[in-house]
Amino acid sequence: MASQTVITVQSQFSAAQQPGEWQTGLLDCCSDCGICLCGIFCFSCLTCQVAADMNECCLCGSSVAMRTLYRTRYNIPGSILRDFCSIWWCGPCALCQLKRDINRRRAMGIFW
């Protein structure tokens with residue numbers, strides 16, 4: 001009769017997600033003038049583009065919840081309060097930053 005090996009402990013694999021960062025700064029509007037112009041002159045269009053990129057409702061594109069969802073998805077440090085302040089005081093800049101980040105991650109093949 002052949003001996004059988006019984007496994008009593010299974011090794012664990014844990015891949016800790018590395019802290020991420022925004023691909024561009026909040027005020028880096030000149031890094032993509034097309035997005036900047038869209039954010040200034042057609043804010044609602046850019047809102048819908050961001051929402052569509054994230055498979056969300058068009059009305060959610062410029063919300064604190066959307067920015068927080070994106071930030072946590074890519075492990076970008078921050079807080080809900082910081083997201084709120086970015087949207088409240090610099091709404092077009094915050095939305096443009098989000099769209100630039102989506103475009104850059106898509107170009108790198110790491111947007112999901």
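Here, residue 1 is the first one in the sequence, and each next residue gets the next number.
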With the side chain counted from C-beta on, respond yes when [X] and [Y] share a heavy-atom pair under 4.5 Å apart, and no when they do not.
X	Y	answer
D28	W22	no
F111	D101	no
L46	C96	yes
W112	R105	no
T47	L59	no
Q97	C29	no
L81	C85	yes
I102	Y70	yes

Calculate, to the nearest 0.5 Å, the distance between atoms [atom1] and [atom2] belonging to [X] and [Y] respectively.
X	Y	atom1	atom2	result
L95	R100	CG	CZ	10.0 Å
I80	R67	CD1	CZ	13.0 Å
S86	R71	OG	CZ	9.5 Å
Y74	Q23	OH	CD	9.5 Å
K99	D32	NZ	CG	9.5 Å

Checklist entry - Closest heavy-atom contact between R104 and S31? => result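 For R104 versus S31, the nearest heavy atoms are NH2-CB, 3.9 Å.
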
Next on the checklist: Minimum heavy-atom separation for L26 and C90, please, with both atom names.
Outcome noted: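 Taking L26 first and C90 second, the nearest heavy atoms are CD2-CB, 4.5 Å.
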
Checklist entry - What do the steps show when you test E56 against S63 for side-chain contact (heavy atoms from CB on, under 4.5 Å), and what is the final call? => result CA-CA 11 Å; E56 295 290 337; S63 69; over 6 Å; no

Next on the checklist: Count I, L, V, M, F, W, Y as connected when their side-chain heavy atoms are under 4.5 Å apart, and connections chain through other members. Are F43 and V50 then in the same cluster?
Outcome noted: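 Yes, F43 connects to V50 through the hydrophobic network.
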
Next on the checklist: How about C45 and C42 - are their SG atoms less than 2.5 Å from one another?
Outcome noted: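 Yes, the SG atoms sit under 2.5 Å apart.
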
